[in-house]
Amino acid sequence: MKAVNKVSLNIRRGECIGIIGETGSGKSVIGQSVLRLLANNAHVNGSIYFHGTDLLKMDIKEMKKIRGKEISLIPQNPAKSLNPVLKNGKQVIEVFDNKNITLPEKRKKVISIMSRLFF
């Protein structure tokens, strides 16, 4: 059984995208495929290129260096992925915690990302 069939995305450097669609249309499966977070019995055909490297051929140790730092996923159910008692910006800024940048620079990046997501 196929969860998703014939998907092609071309996302330019610096772009932030959101995938929308009906319940069960495969949005989460696409995101989990890119980050290689699907169950062990799932199989992804084709290729997923990031900075010229096929993510499907990358070992898990290298994938872990990319997850959350260069490629991130916020699942479709924000109640389960974002804490409703904290401001969203504060939660998104955590993505940059491992980077050697100042708090004002982090805030600027979060504002840039969120403005692309919501406006």
Taking side chain to side chain contact (heavy atoms under 4.5 Å, CB included) as the test, write out the residues that go with Val29, two or more places apart. Ala3, Val4, Ser33, Leu38

Out of curiosity, does Val44 fall in the hydrophobic cluster containing Tyr49 (side-chain heavy atoms, cut-off under 4.5 Å, transitive links)? no

Inter-residue atom distance Ile71.CD1 - Phe50.CZ, 0.5 Å rounding: 4.5 Å

Would you be so kind as to tabulate the donor-acceptor pairs closer than 3.5 Å made by side chains of residues 52-63, with sequence neighbours excluded?
from, atom 1, to, atom 2, distance (Å)
Asp54, OD1, Ile48, N, 3.1
Asp54, OD1, Leu56, N, 3.0
Asp59, OD1, Lys61, N, 3.2
Asp59, OD1, Glu62, N, 2.8
Glu62, OE2, Lys65, NZ, 3.2

Smallest heavy-atom separation, Glu22 atom then Lys27 atom, equals O-NZ, 2.9 Å

What pairs with Thr102 under side chain to side chain donor-acceptor pair (under 3.5 Å), at least two apart in sequence or on another chain? Glu105

Please determine whether side-chain contact (heavy atoms from CB on, under 4.5 Å) holds for the pair Val34 and Leu9, giving the CA-CA distance in whole Å, both sets of side-chain angles, and the decisive distance to 0.1 Å. CA-CA 11 Å; Val34 170; Leu9 300 171; 5.8 Å; no

Of all residues at least two apart in sequence or in a different chain, which pass the salt bridge (charged side-chain N to carboxylate O under 4.0 Å, His left out) check with Arg12? Glu15

Partner residues of His43 under the side chain to side chain contact (heavy atoms under 4.5 Å, CB included) criterion, sequence neighbours left out: Asn45

Rounded to the nearest 0.5 Å, how far does CD1 of Ile11 lie from CD1 of Ile17? 3.5 Å

To the closest 0.5 Å, what do you measure between OG (Ser28) and CD1 (Ile19)? 9.0 Å

Check side chain to side chain donor-acceptor pair (under 3.5 Å) between Asn40 and all other residues, then give those that pass, not counting sequence neighbours. none

